[in-house]
Amino acid sequence: MEEFSTDRLARLTGMLKRRGLLLPAFEIHGGVAGFYDYGPVGGRIRNQVNQAWLSHWLSLGNVVEISSPTVTPYPVLEASGHVGEFTDFLVECKKCSEASRADHLIESDYPNADSFTKEELSKKISELMPICPACGVSDWGEISSQNLMFSTRIGNADSAREGFLRPETAQGMFTSFTSIYRHFRERLPFGAVQIGKGYRNEISPRQGMIRLREFNMAELEYFIDPEIEYHHNLDQWKDSLTLISENEGEMQVTLSKAVEAGIIRHSTVGYFMGITFDFVTSIGINPELIRFRQHESNEMAHYAVDCWDLEIMGSFGWIECVGIAHRGCYDLEAHEMATGQRLRAWRTFETPKIVEIDGWTIDGSTVGPEFKNFAGKIKNAVEKLPPDSIFPMSLEIDDDEVNIEPRHVKKIQRQEKISGEWFIPHVVEPAFGIDRLIWHSIDHSYREIIKSGEAYTILSLPKSISPIDVTVLPLFEKDGIDNLARKIHENLCKRDRVLSNYDGSGSIGRRYARSDEIGVPYCITVDYESLENHTVTVRERDTGKQERVKIDELNFK
RNA sequence: GCGGAUAUGGUGAAGUGGUUAUCACCUGAGGUUUCCAACCUCAUGUCGUGGGUUCGAUUCCCGCUAUCCGCACCA
């Protein structure tokens with residue numbers, strides 16, 4: 001592995017721009033921080049990675065793909081907690097005009113102040129009267145909120161509703177839960193994936209592709225029954241992985257041992273860590289530069305039970321690229337409370353429960369007329385009475401003494417068979433930052449070597465995500481070689497999911513170099529012999545080895 | 001957001017208060033060449049952006065935008 005260095009990074013980003021892989025967006029208008037274009041070469045890499053990711057997860061067999069809007073109404077993100085979570089509250093010092101974060105000012109008294117609402121913060125600040133860190137005076141203005149989500153309006157003018165561009169794709173899976181539940185004929189476990197754009201109005205985007213304001217995410221929401229212990233085959237991952245656990249620090253351990261020891265707190269989380277590791281390495285990321293880091297309890301998002309980041313070492317140091325979180329029942333419950341809709345799964349008991357119901361209720365025909373709108377409260381109180389209660393009795397309801405006569409009540413005595421129950425499924429969520437993964441795949445694949453005393457670069461991307469599958473090169477563009485080469489190129493492009501590139505200008509060595517630089521795995525060279533016996537040479541990018549193959553037997557993908 | 005540095009063809013660099021802004025590589029056309037950035041000829045293409053100072057600004061000054069490095073922030 002080559003050493004990462006700022007010089008190498010500069011050469012790499014220069015190449016990415018020059019060859020049309022990744023470029024700052026809107027550059028002719030001066031550019032905007034945090035936005036990148038995938039160029040003519042990068043565009044297909046992105047698509048290849050997306051497709052690879054999709055088939056990787058769909059192959060589990062109980063996962064479906066959905067797609068939901070990026071524009072999201074305010075109440076959805078309010079319910080999910082993002083409106084609160086993604087908002088910083090600023091308060092301005094009236095003396096020196098310095099803006100401070102409201103939660104930071106009272107952090108010493110309330111360590112969890114960042115979860116406070118605007119009203120709570122305002123109240124605490126007027127109670128505590130913290131001093132301004134800039135000028136030392138305590139004289140605060142109104143609290144203003146600064147949201148890290150892009151806000152927008154749905155519809156126009158007076159009838160418009162408030163909304164945001166989504167900060168994650170996950171909420172679409174939760175709001176579509178009932179449809180997905182029906183699709184799987186109401187049987188857990190199942191999952192839904194979505195690949196799409198997410199938006200965060202970062203204060204200062206940095207490090208190129210690492211922190212973007214608009215980025216590609218791919219998320220799986222996997223719904224499970226919290227009462228079932230799932231047994232996944234973790235032994236398929238025989239090699240030890242680098243784990244940094246909250247309590248035990250860094251270790252080399254297999255997934256099955258880590259789950260067994262309780263370091264990974266849920267076996268499905270461990271299982272997905274393995275599947276994630278396989279995916280990430282399959283797109284060209286060096287397994288030795290991967291580690292999993294467990295979130296500390298105080299760092300964990302408000303909903304999570306356990307969370308592991310997959311971090312990758314590259315030109316920017318260790319960067320988290322995937323998060324695998326056990327979100328408990330947080331999200332479905334939140335949407336259920338906000339909407340009153342049932343977002344639950346049905347669990348049938350192995351043997352139905354027989355419940356003896358023995359108690360009291362009111363006789364509406366007497367209590368209603370006599371107590372009017374007080375009747376409801378009496379009903380609640382009576383139904384809580386033990387079966388052996390004796391009437392008449394007096395009950396205290398809302399500081400009032402109420403006499404309950406036998407004519408007011410009815411005995412209830414019956415058996416009920418309860419065959420199951422509704423419960424809120426738990427969710428395990430692997431969330432991938434596609435741009436960060438693509439970046440590291442390129443970063444790890446970029447090789448600078450010396451070839452015949454000259455600097456030479458090769459992008460050793462795996463075939464599955466290379467931007468172009470094959471380059472077709474006529475040795476010379478004359479004597480009919482060019483015609484044959486063009487024909488081969490066109491026939492290859494007609495094949496399903498094969499993309500060929502024709503390159504006829506420059507010396508053959510130069511054209512191999514061009515092809516190697518952007519990671520094309522094979523070059524087909526057409527020469528005089530091809531005209532005679534219908535064979536061509538196929539050159540392999542990483543080894544430079546060539547093999548003579550019949551044109552009819554060319555095999556790609 | 002704060003502090004520092006930077007901004008010249010596609011890439012990497014040089015340079016200047018004055019009329020036509022250099023160089024290498026790259027790219028394109030033609031020639032040459034029987035497999036790994038060769039060579040010859042020709043061609044295309046640049047002073048981030050807005051304002052100020054000035055007879056004249058790519059150059060000096062200011063704002064903006066972007067990039068890089070610290071700090072802060074951050075699923």
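Lettering of chains follows the sequences in order, A, B, ..., and the numbering in each one begins at 1.
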Measure the distance from [atom1] on [X] to [atom2] on [N] and round it to the nearest whole Å.
X	N	atom1	atom2	answer
A:His82	B:A75	NE2	C1'	9 Å
A:Glu477	B:U33	CD	P	15 Å
A:Leu473	B:C36	CG	C1'	11 Å
A:Glu320	B:C74	CD	P	13 Å
A:Arg11	B:C25	CZ	P	19 Å
A:Arg200	B:C73	CZ	P	18 Å
A:Ile508	B:U34	CD1	P	13 Å
A:Asp7	B:A13	CG	P	10 Å

From the list [options], which nucleotide is the closest neighbour of the side chain of [X]?
X	options	result
A:Glu454	B:A37, B:C35, B:U34	B:A37
A:Tyr528	B:U33, B:A75, B:U34	B:U34
A:Ala513	B:A75, B:G28, B:A37	B:A37
A:Arg18	B:U11, B:C35, B:G28	B:U11
A:Gln546	B:U33, B:A75, B:C35	B:C35

Would you say [N] has OP1 or OP2 under 4.0 Å from some side-chain N or O of [X]?
X	N	answer
A:Ser505	B:G28	yes
A:Arg510	B:A38	yes
A:Ser507	B:A38	yes

A:Lys17 bridged to A:Asp37 by N-O distance under 4.0 Å: no
Sequence neighbours excluded, which residues qualify as salt bridge (Lys or Arg N to Asp or Glu O under 4.0 Å) partners of A:Arg19? A:Glu517
Residue set satisfying salt bridge (Lys or Arg N to Asp or Glu O under 4.0 Å) with A:Glu214, at least two apart, ordered chain then number -> A:Lys197
Checking A:Ser245 side chain against A:Glu248 main chain: does a donor-acceptor pair fall under 3.5 Å? yes
Treat primed atoms plus P, OP1 and OP2 as sugar-phosphate and everything else as base, then score nucleotides 61-72 of chain B 5' to 3': B for base contact with protein heavy atoms under 4.0 Å, S for sugar-phosphate contact only, - for none. ----SSSSBBBB
Between [N] and [M], how far apart are the two [atom1] atoms, rounded to whole Å?
N	M	atom1	result
B:U49	B:U59	P	11 Å
B:G48	B:G12	P	14 Å
B:C60	B:G17	C1'	8 Å
B:U65	B:C74	C1'	23 Å
B:G63	B:G1	P	15 Å
B:A24	B:C42	P	13 Å
B:C2	B:A75	C1'	24 Å
B:A21	B:U58	P	12 Å

Using a 4.0 Å heavy-atom cut-off across all strands, classify [X] as base, sugar-phosphate, or nothing.
X	answer
A:Arg539	base
A:Lys17	sugar-phosphate
A:Val538	nothing

Taking Watson-Crick (N1-N3 plus N6-O4 or O6-N4) and G-U wobble (N1-O2, O6-N3), each under 3.5 Å, can you produce the dot-bracket string of RNA chain B? Use [ ] for crossing pairs and | for inter-strand ones. (((((((..((((....[...)))).(((((.......)))))....(((((..]....))))))))))))....
Quick one: do the A:Tyr522 and A:Asp469 side chains pair a donor with an acceptor below 3.5 Å? no
Could you identify which residues of residues 268-276 of chain A place a heavy atom less than 4.0 Å from some atom of RNA chain B, listed by residue number, or say none? none
Name the residue from A:Arg447, A:Arg510, A:Arg539 that meets the salt bridge (Lys or Arg N to Asp or Glu O under 4.0 Å) definition with A:Asp516. A:Arg539
Using the ring pair (Phe, Tyr, Trp, His ring centres under 6.0 Å) criterion, which residues pair with [X]? Sequence neighbours excluded.
X	value
A:His440	none
A:His56	A:Phe279
A:Phe277	none
A:Phe223	A:Phe177, A:Phe190

For residues 12-38 of chain A, which residue pairs pass the ring-ring contact (aromatic ring centres under 6.0 Å, His included) check, not counting sequence neighbours? none
Sequence neighbours left out, what passes side chain to side chain contact (heavy atoms under 4.5 Å, CB included) with A:Thr537? Give chain and number order. A:Thr525, A:Gln546, A:Arg548
Toward the 5' end of RNA chain B, by each residue's nearest nucleotide, A:Gly14 or A:Glu202: A:Gly14
Output all residues satisfying side-chain hydrogen bond (donor to acceptor under 3.5 Å, both in side chains) with A:Thr72, sequence neighbours left out; order by chain, then residue number. none
Using the rule given for side chain to side chain contact (heavy atoms under 4.5 Å, CB included), can you reason through A:Leu21 versus A:Leu459, listing the C-alpha separation, both sets of side-chain angles and the distance that settles it, and then say yes or no? CA-CA 12 Å; A:Leu21 282 87; A:Leu459 198 63; 4.0 Å; yes
